[in-house]
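The figures here come from the full heavy-atom set of this structure, side chains too, leaving out hydrogens, waters and symmetry mates. In what follows, residues are counted from 1 in the order of the sequence shown. Being a predicted model, the structure only gives us computed values, none of them experimental.
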Amino acid sequence: MSVFSMRDFANHEQVVFCSDDKSGLKAIIAVHNSSLGPALGGCRMWPYASEEEAVRDVLRLSRGMTYKSAMANLKLGGGKSVIIGNPRTQKSPELLQAFARAIENLNGRYIAAEDSGTSVADMKYMAQFTSHVAGIVDKPTDGGVRSGDPSPATAYGVFVGIKAAVKDKLGRDTLDGLRVAVQGVGHVGYDLAAQLKQAGASLWVTDIDTELLERARQELGATVVEPDAIFGLDVDVFAPCALGAVLNDQTIPQLKARVVAGASNNQLAEARHGVELMKRGILYAPDYVINAGGIIDVYHERVGFDRVALIKHIDQIHDNLMEIFARARKEERPTGEVADAIAEERFTR
Ligand code: NAD
């Protein structure tokens with residue numbers, strides 16, 4: 001395996017392989033680009049089938065963080081880390097400690113946050129051994145305090161983004177009476193659905209977790225549908241908040257929604273699916289632009305948390321999307337491609 005020649009290497013500044021015999025740690029930290037600031041990105045723990053798969057994943061994800069942070073006007077670069085192993089059976093305090101020390105050795109070039117397979121509690125534990133972890137500070141909310149979990153901020157950003165997309169595509173200033181299909185009512189999806197309900201939208205939801213569905217039905221008056229039925233509903237907006245690659249050859253032909261705007265990462269199975277959506281007149285809000293609320297939240301935690309400043313910053317997602325939509329229309333290009341071009345202009349400036 002040659003890391004340098006991998007397609008996803010894409011000019012990474014630094015890729016560090018870390019191991020610790022005693023705890024069984026095998027991890028990779030990737031710093032894609034630090035021209036705007038230290039590389040911040042989640043730490044994923046996953047039982048990768050091979051080292052090559054882990055390398056590919058960390059490279060792809062860290063590059064994505066460079067684009068996301070640049071687009072969100074953050075003084076952050078892009079990075080990511082992966083720990084190879086099963087988080088249920090192989091995660092131990094010793095392993096997290098060894099990994100935290102590896103992060104500390106990078107002197108702040110990489111800052112870790114929670115991701116699949118790691119939690120806020122893991123980050124808090126690691127913070128005893130390195131100062132370069134984020135997403136660990138409790139924050140004031142309207143009615144109390146919330147943990148470092150960035151999901152509420154992500155959900156608010158997606159809500160702001162849906163308003164932008166609805167204005168651009170449907171010419172509507174309000175969400176009152178809007179029909180929205182939400183795929184996945186987990187941390188982000190449920191919060192988003194609650195905000196949409198509050199704004200007067202009608203909701204259709206799906207999930208594979210029946211308890212979450214029942215909560216959405218009872219508390220939000222949402223209509224529950226089977227997972228496969230969510231794509232073809234006669235709605236205005238489809239909001240993917242569950243999995244990646246949900247916009248593909250099978251699902252796109254089913255879509256009746258004129259807008260796709262949701263929290264999931266990597267929604268397009270392949271870049272060509274962005275072209276397909278454009279051809280069908282469906283406005284796609286690029287995933288990393290609309291779901292940036294979480295990283296904005298984590299950034300504000302590091303620079304001194306101020307709730308008003310945070311909300312103002314997340315509200316910029318609206319303007320970012322409007323800029324992308326206008327330019328995509330003018331240049332007759334898919335929105336995802338235009339988003340990449342704008343992000344590149346920002347981090348190579
Ligand atoms: P989550 O795990 O809390 O919620 C995801 C939900 O999707 C779960 O309830 C799960 O049961 C459901 N689901 C899984 N497979 C499904 C299927 N086939 N059909 C329907 N539902 C299914 O995760 P989350 O934190 O809410 O994140 C949702 C998405 O947003 C993920 O793709 C995540 O990467 C992305 N994202 C999250 C954040 C954040 O701050 N949490 C930030 C950026 C992006």
Measuring only between side-chain heavy atoms, which start at C-beta, is [X] closer than 4.5 Å to [Y]?
X: M278; Y: L283; answer: no
X: L192; Y: I162; answer: yes
X: I83; Y: L25; answer: yes
X: I324; Y: V289; answer: yes
X: T251; Y: N248; answer: yes
X: C43; Y: K80; answer: no
X: S81; Y: F99; answer: yes
X: Q14; Y: L106; answer: yes

- Item | Derivation of the side chain to side chain contact (heavy atoms under 4.5 Å, CB included) call for V205 and T223 | CA-CA 6 Å; V205 299; T223 304; over 6 Å; no
Any pair counted as side-chain hydrogen bond (donor to acceptor under 3.5 Å, both in side chains), so long as it reaches [range], sequence neighbours left out:
range: residues 253-278; result: D249-R272, D249-H273, N265-N291, E270-R272, E276-R280
range: residues 226-236; result: R179-D236
range: residues 181-191; result: Y190-E219

Strictly distance-based, threshold 3.5 Å: is any side-chain N or O of [X] a donor or acceptor partner for the main-chain N or O of [Y]?
X: S116; Y: R44; answer: no
X: E114; Y: G135; answer: no
X: T130; Y: A127; answer: no

[atom2] on [Y] to [atom1] on [X], rounded to 0.5 Å:
X: C18; Y: I28; atom1: SG; atom2: CD1; result: 8.5 Å
X: T206; Y: I230; atom1: OG1; atom2: CD1; result: 5.5 Å
X: N320; Y: D315; atom1: CG; atom2: CG; result: 11.5 Å
X: I252; Y: Y284; atom1: CD1; atom2: OH; result: 10.0 Å
X: N86; Y: Y48; atom1: CG; atom2: OH; result: 12.5 Å
X: I296; Y: T154; atom1: CD1; atom2: OG1; result: 9.0 Å

Taking all heavy atoms of [X] and all of [Y], pick out the closest pair and write down the distance.
X: L243; Y: V246; result: O-CG1, 3.7 Å
X: G78; Y: T66; result: CA-OG1, 3.2 Å
X: G262; Y: V158; result: CA-CG1, 3.9 Å
X: K91; Y: D122; result: NZ-OD2, 2.6 Å
X: P87; Y: G117; result: CB-O, 3.4 Å
X: V82; Y: A54; result: CG2-O, 3.9 Å

Could you tell me whether [X] and [Y] make a salt bridge, using a distance below 4.0 angstrom between a side-chain N and a carboxylate O?
X: D168; Y: R329; result: yes
X: R346; Y: E323; result: yes
X: D57; Y: R60; result: yes
X: E214; Y: R217; result: yes
X: K26; Y: D20; result: no
X: E345; Y: R349; result: no

- Message: Please determine whether salt bridge (charged side-chain N to carboxylate O under 4.0 Å, His left out) holds for the pair E211 and R215, giving the CA-CA distance in whole Å, both sets of side-chain angles, and the decisive distance to 0.1 Å.
- Response: CA-CA 6 Å; E211 269 179 42; R215 180 166 72 134; over 6 Å; no
- Message: Can a side-chain donor-acceptor contact be found between D297 and Y156 if the only test is distance below 3.5 angstrom?
- Response: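 Short answer, no.
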- Would you please test H313 and H300 for side chain to side chain contact (heavy atoms under 4.5 Å, CB included) and show each step? CA-CA 9 Å; H313 201 147; H300 277 257; 2.9 Å; yes
Non-neighbouring partners of [X] that pass side-chain hydrogen bond (donor to acceptor under 3.5 Å, both in side chains), sequence neighbours left out:
X: D149; answer: S151
X: N33; answer: S35
X: D319; answer: none
X: E13; answer: S34, R109

Quick check: is [Y] connected to [X] through a chain of hydrophobic side chains (ILVMFWY, heavy atoms under 4.5 Å apart)?
X: I208; Y: V224; result: no
X: V338; Y: M322; result: yes
X: F238; Y: V225; result: yes
X: I103; Y: M123; result: yes
X: F17; Y: L95; result: no

- Keeping to residues at least two apart or across chains, list the ring pair (Phe, Tyr, Trp, His ring centres under 6.0 Å) pairs with something in residues 103-136.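 Every ring pair (Phe, Tyr, Trp, His ring centres under 6.0 Å) pair that includes a residue of residues 103-136, provided the two are not neighbours, is Y125-F129.
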- Give the intermediate values and the outcome of side chain to side chain contact (heavy atoms under 4.5 Å, CB included) for residues S69 and K75. CA-CA 8 Å; S69 289; K75 292 192 185 89; over 6 Å; no
With sequence neighbours left out, what residues match [X] under side chain to side chain contact (heavy atoms under 4.5 Å, CB included)?
X: H12; answer: F9, V15, A30, H32, L59, S62, R63
X: E94; answer: S23, S92
X: A285; answer: A261, I290, L321, F325

- Dump the intermediate steps for side-chain hydrogen bond (donor to acceptor under 3.5 Å, both in side chains) on D340 and Y288, then the final yes or no. CA-CA 10 Å; D340 286 358; Y288 70 83; 2.7 Å; yes
- Message: Tell me every residue that passes ring pair (Phe, Tyr, Trp, His ring centres under 6.0 Å) with Y67, counting only those two or more places apart in sequence or in another chain.
- Response: F347
